[in-house]
Amino acid sequence: MAMAVGVARLAPVSPCPLLSDSSSPLIDWTTMAAPREPEVIRDKAAMRAWSRRRRAEGKTVAVVPTMGYLHQGHLSLISAAAAAASADPVAIVVTIYVNPSQFAPSEDLATYPSDFAGDLRKLASTGVVDAVFNPPDLYVRGAGRRGAASGGAISCLEEAAGDGHETWVRVERLEKGMCGASRPVFFRGVATIVSKLFNIIEPDVAVFGKKDYQQWRVICRMVRDLDFAIEIIGSEIVREADGLAMSSRNVHLSREEREKALSISRSLVDARTGALKGNTDCKQIKNKIVQTLTETGGQVDYVEIVEQESLVPVEQIDGPVVICVAAWFGKVRLIDNIEIDTRS
């Protein structure tokens with residue numbers, strides 16, 4: 001069975017006209033497989049037993065972690081999972097779980113979009129998903145903190161009474177900066193829930209989207225440092241036809257806000273084009289992106305140019321870098337990125 005310890009690789013993709021080397025095309029699953037209903041598993045012990053049975057059958061277990069409200073970007077991750085093992089058959093698990101610990105009290109946990117029935121239809125249409133792990137809650141709640149069990153999502157950030165969840169996973173350097181600067185609890189929550197999912201499902205392969213670039217790198221480093229015997233695959237960004245990076249939060253954009261938000265992908269394309277033509281001064285590039293987003297009505301959270309693996313900021317583009325952007329349009333915070341390597 002194909003396994004590697006803490007290895008990160010990229011899923012093979014075909015180019016998209018707008019952002020050719022950092023995006024992947026929409027997938028027409030109707031031409032690829034017959035619809036098949038996945039098994040829905042809600043209990044942790046049952047999920048672990050299911051996964052171990054698949055492995056005993058000689059299958060590679062691949063997991064695609066999601067928070068639901070699935071779109072074509074999520075389905076592209078499933079495509080990458082289906083191609084994860086060249087020799088062994090693959091058993092694919094998709095998790096649908098809105099992780100409360102990555103939301104600060106002021107963030108959009110309560111309004112995060114959800115359509116579980118629709119998600120199941122989309123997963124069935126792929127014909128390749130074997131199981132959906134949809135637990136009611138993955139955290140131990142202290143006395144009086146059992147809102148999730150009664151149907152109300154609550155953050156794990158409140159002080160728990162004695163016996164509540166208190167064990168966290170941190171990737172201390174990579175979680176700083178960019179999204180970590182404005183969302184200081186986010187990566188602690190991500191690393192912890194992904195560790196929990198890995199311990200429950202015990203996968204051989206896990207697929208993450210590169211739209212959340214910092215998150216992908218955090219997971220890669222966590223897996224390496226903690227010796228998880230899991231291969232981490234980074235899958236390229238999937239975009240709408242006009243270039244907007246697909247996100248579950250896009251549904252909250254008004255038509256006008258959505259049109260303005262296209263300035264993110266357009267500014268990234270312009271930055272890459274300029275860098276490949278010799279404009280490699282990072283300060284100039286960042287200032288131009290900030291100006292473009294601000295002029296179109298965006299509120300910039302950050303624009304950073306960092307080395308691809310270490311995420312260390314650079315002043316001059318002279319090797320593999322990624323430009324990462326986060327900006328608000330209306331009440332919606334959007335992220336996007338583009339990789340650049342002027343040596344190629």
Side-chain angles (χ1 to χ4, degrees), residues 8 10-26 73 76 174 176-182 209-217 234-247 250 253 256-329 332-344:
L10 303 185
V13 293
S14 300
C16 164
L18 181 61
L19 298 172
S20 59
D21 60 357
S22 64
S23 53
S24 55
L26 301 185
S76 76
L174 285 185
K176 295 177 180 177
M178 295 197 290
C179 286
S182 59
K210 288 175 66 181
K211 183 174 75 71
D212 298 287
Y213 201 92
Q214 187 176 11
Q215 173 180 280
W216 172 54
R217 289 302 188 185
S235 188
E236 302 291 356
I237 297 172
V238 174
R239 300 180 179 277
E240 305 285 358
D242 56 13
L244 184 68
M246 288 191 175
S247 170
N250 289 350
L253 293 167
E256 182 181 4
E257 289 165 349
R258 192 187 182 290
E259 180 63 31
K260 292 178 178 179
L262 296 178
S263 60
I264 301 177
S265 57
R266 289 169 181 165
S267 66
L268 288 173
V269 171
D270 290 343
R272 185 184 63 185
T273 300
L276 295 177
K277 291 181 178 179
N279 179 20
T280 58
D281 183 274
C282 293
K283 184 176 181 180
Q284 292 182 9
I285 295 171
K286 291 192 292 184
N287 287 343
K288 179 67 179 301
I289 294 174
V290 170
Q291 179 183 355
T292 299
L293 300 185
T294 302
E295 288 177 349
T296 54
Q299 179 181 342
V300 176
D301 184 348
Y302 66 80
V303 176
E304 295 290 349
I305 304 177
V306 298
E307 194 275 331
Q308 288 182 12
E309 186 170 349
S310 69
L311 304 186
V312 172
V314 297
E315 296 182 358
Q316 200 79 21
I317 299 177
D318 55 8
V321 302
V322 57
I323 306 178
C324 297
V325 173
W328 293 84
F329 285 85
V332 184
R333 183 179 182 273
L334 301 175
I335 61 173
D336 203 346
N337 66 78
I338 192 168
E339 292 179 320
I340 302 173
D341 190 350
T342 55
R343 301 174 306 177
S344 57

Nearest-0.5 Å distance, [atom1] of residue [X] to [atom2] of residue [Y]:
X	Y	atom1	atom2	answer
Ile317	Asp281	CD1	CG	9.0 Å
Lys277	Thr342	NZ	OG1	15.0 Å
Leu268	Ile289	CG	CD1	5.5 Å
Leu293	Ser267	CG	OG	4.5 Å
Cys324	Lys211	SG	NZ	11.5 Å
Ile237	Met246	CD1	CE	12.0 Å

Quick check: do [X] and [Y] have side-chain heavy atoms less than 4.5 Å from each other?
X	Y	value
Pro313	Met178	no
Val303	Ile285	no
Leu244	Arg258	yes
Ile323	Asn337	no
Trp328	Val300	no
Val312	Val306	no
Leu253	Glu259	no

Practice task
List the steps, then state whether side chain to side chain contact (heavy atoms under 4.5 Å, CB included) holds for Asn279 with Gln284.
Solution key: CA-CA 8 Å; Asn279 179 20; Gln284 292 182 9; 3.4 Å; yes
For the student: nearest non-hydrogen atoms of [X] and [Y], plus distance:
X	Y	answer
Tyr302	Cys179	OH-SG, 3.1 Å
Gln316	Cys282	N-SG, 3.6 Å
Tyr213	Glu339	OH-OE2, 2.8 Å
Ser263	Phe329	OG-CZ, 3.6 Å

Practice task
Dump the intermediate steps for salt bridge (Lys or Arg N to Asp or Glu O under 4.0 Å) on Arg343 and Asp341, then the final yes or no.
Solution key: CA-CA 5 Å; Arg343 301 174 306 177; Asp341 190 350; 3.1 Å; yes
Within the side chain of [X], is there an N or O that forms a donor-acceptor pair under 3.5 Å with the backbone of [Y]?
X	Y	value
Ser76	Gly73	yes
Arg217	Gln308	yes
Asp270	Arg272	no
Glu307	Val321	no

Exercise for the section: Give the intermediate values and the outcome of side chain to side chain contact (heavy atoms under 4.5 Å, CB included) for residues Asp318 and Thr280. Expected result: CA-CA 8 Å; Asp318 55 8; Thr280 58; over 6 Å; no
Practice task
Decide if atom CD of Glu256 counts as having more than 12 heavy atoms of other residues, nucleotides or ligands within a radius under 6.0 Å.
Solution key: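 Atom CD in Glu256 is not crowded, with 12 or fewer foreign heavy atoms closer than 6.0 Å.
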Problem - Glu309 atom CD, neighbour heavy-atom count above 12 within 6.0 Å - result: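 No, the 6.0 Å shell around CD holds no more than 12 heavy atoms from other groups.
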Practice task
Start with the C-alpha distance between Val325 and Ile338, add both sets of side-chain angles, then the distance that settles side chain to side chain contact (heavy atoms under 4.5 Å, CB included), and finish with yes or no.
Solution key: CA-CA 9 Å; Val325 173; Ile338 192 168; over 6 Å; no
Handout entry: Intermediate values then yes/no, side chain to side chain contact (heavy atoms under 4.5 Å, CB included), Leu311 and Gln214
Key = CA-CA 8 Å; Leu311 304 186; Gln214 187 176 11; 3.7 Å; yes
Problem - Charged N-O contact under 4.0 Å between Arg239 and Asp336 - result: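 Counted as a salt bridge, because a side-chain N and a carboxylate O are separated by less than 4.0 Å.
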